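Okay, so here's the structure we're looking at.
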Amino acid sequence: MLESVLITIATAATPLLIAAIGELVVERSGVLNLGVEGMMVMGAVTGFGVAVTTGSPWLGVLAAILVGAAFSLLFGFLTLSLVTNQVATGLALTLLGLGVSGMIGEAFIGMPGVKLGTISIPVLSEIPYVGRFLFAQDPLFYISIVLVAGVSYFLFFTRAGLTLRSVGDNHDSAHALGIRVIAIRYAAVAFGGACAGLAGAYLSLVYTPQWIENMTAGRGWIALALVVFASWRPWRVLAGAYLFGAVSIGQLHAQVIGVSIPSQFLTALPYLATVVVLVLISRNRRLTMVNTPACLGRPFVPAR
Amino acid sequence: MMRLQLVKRPQHSAFFSAVSPLIALALTMIAGAIMFSVLGKNPLDALYYYFIDPLRETWSLHELAIKAAPLILIAVGLSVCFLSNNWNIGAEGQFIAGAIAGGILPVVFPDFQNVLVLPLMLIMGMIGGAAYASVPAFLKARFNTNEILTSLMLVYVAQLFLDWLVRGPWRDPGGMNFPETRDFHAFAILPELMPSAGRANWGIVFALLAAVILWFVLRKTLKGFEIRVLGQSPRAGRFAGFSASHMVMVSFLISGALAGLAGISEVSGAIGQLQPAISPGYGFTAIIVAFLGRLNPLGIVAAGFVLALSYLGGEAAQISIGLSDKAARAFQGMLLFFVLGCDTLIHYRIRLVGLSVAKTGETGAETNA
Amino acid sequence: MRKLLLALAASTAALAFAASPSLAQDKTKACWIYVGPIGDFGYSYQHHQGLLDVEKHFGDKVETAYLESVPEGADTERALERFARSGCDIIFATSFGFMDPVQKVAAKFPDIKFEHATGFKRDHPNVSTYNSRFHEGRYVQGVIAAKMSKTGVAGYIASFPIPEVVMGINAFMLGAQSVNPDFKVKIVWANTWFDAGKEADAAKALLDQGVDIITQHTDSTAPLQVAAERGIKGFGQASDMIKFAPETQLTSIVDDWGPYYIERVQEVMDGTWKQSDVWGGMKAGHVKMAPYMNMPDDVKALAEATEKKIKDEGFNPFTGPVYKQDGTLWLEEGKVAPDGEVLGMNFYVKGVDGELPK
């Protein structure tokens, strides 16, 4: 039973993790994109649509990634090239995403989906208690872990990662050093969009293989919370996503066992937990200062 | 390679301040017309129902005021926050907190009925909203906790708390166990302005008053100067003797109180009771309204009406020509994009670098279409 | 800004006036407002199927319009008034939360007929209420579940603790107890009508806790898909979901609003519409069961017999003796619960685990 609970938690956590890790890179470059929900729902509808039309869930995944990235570039164009306010533009992107996905999705309502199958690794997946959890999962689960490791390595152990962080920390001096701030931010935004698209595809191809309007149901917002919750550290995003998953699955189990707390309070737990952890983390001023991209949300216009 | 380049204007362009909304509107209409044609609708019909039909009749103008009031009220409060660099994303939660706090009197003490009830409710609503906003403000001032996230998280908590209240302790004893409170009694109802003409109530008056007062404070008083200085450069503010953590509290309390007032006005005016969902996301939409209005309280009034019109127009188009709700939302998103994008022209010249002839102005905006 | 808009669009307006479609007076116009998107493939989707049935049945004689995703609050009244002013002859408001706005707008437009689903207020002669006895179907499901379950424990994913949902749980339980008096049901409140992911999580939690059959009062197909993956049986909701889980769905309660809508629109055409409070069940054709599949013949036979008993013999699932959860007698032997008490139900019957959220 423990193992299947773990797998349930992983399924709940993976889409949050994928979307959050993308947004982490975006924010590390100094851009705040509040449009995660909109990009995710676009990924969900394209992933589903392409998968059912072609019969190949992998093509669906690919399309979701591309559409997520393309959609995010709309945000990029406005905020980076036209220096519009990032908060407002991100919110508008969500609005647009929910609308457009609904229009595209009208054709797919009530259609059974195609599910991305699981991949079991022989021998390893038979380890008691954790084998199936770690080694017999859907392919996007593995990808999510690889993404975290890759982003962590990229940010802290490569020159390009250092450059990206420097753009987020101080775009003026980065520019003075000859770094192309805007180009790097475009790349980061597109990566974030691609991840959000992939996270959306996870919803419509793995989690619940079907298309329902607004099926992201606020998960994009939670992904945004996770990034700050993790104080912009990739492995902490992973921990945060699984913690969030564990709390939300845990409250369902508590109900089945018969713990009689009003379910509204149980549902509110993850949000309150996020606030508490945020406070605990931020009490350590030095730690937050080191990790917070200093230019987050600030527009950059190169002087000529 | 061709790319856009922004050149900061020495001072903001008064010409483009006035013209950019027109350019945005024109672009939205063109893009919208294309979208509507693709959907097989007559674009002229669609645009007509979207922008004109809701303005043709008096009752509909009243509805416009009802829809715009909470947006304006919340957004002017948010403008104080945003101008001083405090990112309150949780106005939705403060709206709900205000509605709950203000609702205590008519729901818990239904027998307390006199002319004092309504003023007390409004005050309690403002206190409720401000108190709820003080949580992220305190955490930011004291622990430097990111307010975007805490205020956002508290939205969900407020929604769930209201949900619990109306399904549990505050449930209408005579309501067949359905999730809603008892109807507010007559003394607890925010009066309509012109009952014979339509539903608009005092909420819109509160909104306009708040806008004018805050406009005056921001433009003409030392406090307003302090807010703007701290927002533009916290260091300069500190030299001037302004306290940033003091400003965190002040701006959050103002915006929380106004969001709370919007909340109690909505439930005592347009709804008349508490129910599980009292806001279709006003707190979030108001963020967009604040920026559309360029964080200027008077601009926000205009922006609030435009956004309200886009909701009413969306419905009119749905009913009369069967344009779907999703298309209306997508159109709304497009409108916002164009308005935000065109406002860039106020502060910047736009050049296309890499072309033999450098162009300015509208060219940049057109690539957006 | 508003003036600006006006001025700008004035030219457009002149053209559009000419182009705007003229309202045909001889047609009856029927209008719907939905609380969710018609793409939820659940509650609002089923009501929209009813609209389509009306169009199919009346063809040219009827004109329809709908508004989807109308929030319950200040927006409801505006949506209703816009419909009333746009020439609708009858307006169906399909969510409980629309109740008070319906009364207010109905007072202003006495010539227009208002139909409110799942509510109980009929303050004006031009307001009717209607609902379906879905719990009749849940009784049948309970019978099937008790027959099919090996562990004797079913999982029940519930949305919100309102009477509608509570009576469903109780009917399911009474159906199950008619087969196996010791049957248990475990309940999870998902606090949502449609969030596929959360419903799937709830289904998994229930299965991990040892239930071997699940049913739901939330809208998506997700729980059924989870059941299919785990190789156990389950029930559909609101529509026939067999194509989502061909080897899993035992049956499904199908909300068929079409017959009622056709009947009421016909009455408006004939001028015979009168205020009423209709709570139709299987007998009226408002509640249907999807074909019984994936079960042995004896279970199928019992399910059909139960359905027949309700449909043709007028059997009421709430027929005594029925005990409340705490063991007190609610209905004496042979007594049938009055509708009023069922509509406000806020207690569990004996045998249901857990405490009803208050």
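All values below come from the heavy atoms of this structure, side chains included, with hydrogens, waters and symmetry mates left out. Below, chains carry the letters A, B, ... as their sequence lines are ordered, and counting in each starts from 1. Every value quoted in this text rests on a predicted model; they were computed, and no experiment measured them.
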Measure [X] against the heavy atoms of chain C and call it side chain, backbone, both or neither at under 4.5 Å.
X: A:Leu203; answer: neither
X: A:Pro15; answer: neither
X: A:Thr216; answer: neither

Should C:Asp201 and A:Gln251 be marked as a side chain to side chain contact (heavy atoms under 4.5 Å, CB included) after you check the CA-CA gap, both sets of side-chain angles, and the distance that decides it?
-> CA-CA 11 Å; C:Asp201 292 345; A:Gln251 70 102 345; over 6 Å; no
Ignoring hydrogens, what is the shortest heavy-atom contact between [X] and [Y]? Give both atom names and the distance.
X: C:Ala200; Y: A:Thr208; value: CB-CG2, 3.9 Å
X: A:His253; Y: C:Asp208; value: CE1-CB, 3.8 Å
X: C:Ala196; Y: A:Gln210; value: CB-NE2, 4.0 Å
X: A:Ser4; Y: C:Arg230; value: CB-NH2, 4.3 Å
X: A:Leu252; Y: C:Ala205; value: CB-CB, 3.9 Å

Counting heavy-atom pairs under 4.5 angstrom with chain C, the leader among A:Ser248, A:Gly105, A:Pro112 is A:Pro112
Quick one: of A:Met111, A:Arg219, A:Glu106, who has the most non-hydrogen atom pairs under 4.5 Å with chain C?
-> A:Arg219
Please flag which part of C:Lys186 lies under 4.5 Å from any non-hydrogen atom of chain A: side chain, backbone, both or neither.
->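 Answer is side chain: those atoms of C:Lys186 sit under 4.5 Å from chain A.
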Which answer fits C:Asp353, side chain, backbone, both or neither, if we ask what part of it has an atom under 4.5 Å from a heavy atom of chain A?
-> neither
C:Gln209 side chain vs A:Ile257 backbone, donor-acceptor pair below 3.5 Å |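 Judged by distance alone, no pair lies under 3.5 Å.
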Roughly how far, to the nearest 0.5 Å, is the [atom2] atom of [Y] from the [atom1] atom of [X]?
X: A:Gln255; Y: C:Ile157; atom1: CD; atom2: CD1; result: 11.0 Å
X: C:Lys204; Y: A:Ile7; atom1: NZ; atom2: CD1; result: 9.0 Å
X: A:Glu213; Y: C:Ser69; atom1: CD; atom2: OG; result: 6.0 Å
X: A:Tyr207; Y: C:Gln225; atom1: OH; atom2: CD; result: 13.0 Å

Between A:Lys115 and C:Glu229, is a side chain to side chain contact (heavy atoms under 4.5 Å, CB included) present by the stated rule, with each step listed?
-> CA-CA 11 Å; A:Lys115 184 163 177 158; C:Glu229 266 169 45; 2.5 Å; yes
Heavy atoms of other groups near C:Tyr323 OH, more than 12 under 6.0 Å | no
Heavy-atom count around C:Glu55 CD within 6.0 Å, excluding the residue itself: above 12?
->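 It does: C:Glu55 CD has more than 12 such atoms within range.
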Options C:Ala222, C:Gly197, C:Ala202, ranked by heavy-atom pairs under 4.5 Å with chain A, top entry =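 Highest number of pairs under 4.5 Å: C:Gly197.
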Counting heavy-atom pairs under 4.5 angstrom with chain A, the leader among C:Leu206, C:Leu207, C:Thr221 is C:Thr221
